[in-house]
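Okay, structure first, notes after.
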Amino acid sequence: MAHDCSIPVIAEGVYEFDARGVAKRFRHAAIFGALSALKPGETMRFCNDHNPLPLLAQIEHHYGNGVKMAYVSNEPGEVIIDFHVTT
């Protein structure tokens, strides 16, 4: 049975995005695509193996106050950030 990826697996309105499984050259485009697919009130839970500071600056520049960022975990080898779409 195939999994319907449009159904949140963490909590209602929270969608997991594990960047570790995406080729590095496609990561930023995939992340921006995923953020653009979210509706106001939804959250993307982003998982990565390092703290993506340049990416965070790009998201802040592109979305401004439309996306709020909050670290869930910031440990070496495991960084988890919630991106919550507000507008």
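Count residues from 1 along the sequence. Note that this is a predicted model, so its numbers are computed, not measured. What you see below is based on every heavy atom in this structure, not just the backbone, and it leaves out hydrogens, waters and symmetry mates.
- To the nearest 0.5 angstrom, Ile31 atom CD1 is 4.5 Å from Leu55 atom CG.
- No more than 12 heavy atoms of other residues, nucleotides or ligands shown are found within 6.0 angstrom of CG on Asn65.
- Atom CD of Glu16 and atom CE of Met44 lie 11.0 Å apart (nearest 0.5 Å).
- Note: Ile81 CD1 to Thr43 OG1 = 13.0 Å, rounded to the nearest 0.5 Å.
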Handout entry: Test log, rule side chain to side chain donor-acceptor pair (under 3.5 Å), inputs Ser36 and Tyr63
Key = CA-CA 10 Å; Ser36 295; Tyr63 290 100; 3.0 Å; yes
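- The shortest side-chain heavy-atom distance between Met69 and Asp82 does not fall under the 4.5 Å cut-off.
- Using a 4.5 Å heavy-atom threshold, the side chains of Leu35 and His62 count as separate.
- Tracing side-chain contacts under 4.5 Å through hydrophobic residues (I, L, V, M, F, W, Y), one never reaches Ile80 starting from Tyr15; they form parts of separate clusters.
- Note on Tyr71 and Phe46: same hydrophobic cluster, where clusters join Ile, Leu, Val, Met, Phe, Trp and Tyr whose side-chain heavy atoms are under 4.5 Å apart, directly or indirectly.
- The heavy-atom pair separating Gly77 from Arg20 by the smallest distance is O-NH1, 4.4 Å.
- We find the CG-CG distance between Asp49 and Asp18 to be 9.0 Å, quoted to the nearest 0.5 Å.
- Within a 6.0 Å radius of CD in Gln58, more than 12 heavy atoms belonging to other residues, nucleotides or ligands are found.
- Residues Val22 and Phe17 have side chains in contact (heavy-atom distance under 4.5 Å, counting atoms from C-beta outward).
- To the nearest 0.5 angstrom, His28 atom NE2 is 8.0 Å from Ile59 atom CD1.
- Two different hydrophobic clusters hold Val85 and Val72 under the rule that ILVMFWY side chains link at heavy-atom gaps under 4.5 Å.
- Between the side chain of Arg45 and the main chain of Val14, no donor-acceptor pair closer than 3.5 Å is present.
- Under a 3.5 Å cut-off, the side chain of Ser73 and the backbone N or O of Val79 do not form any donor-acceptor pair.
- Panel note: side chain Glu42, backbone Lys39; a donor-acceptor pair is recorded below 3.5 Å.
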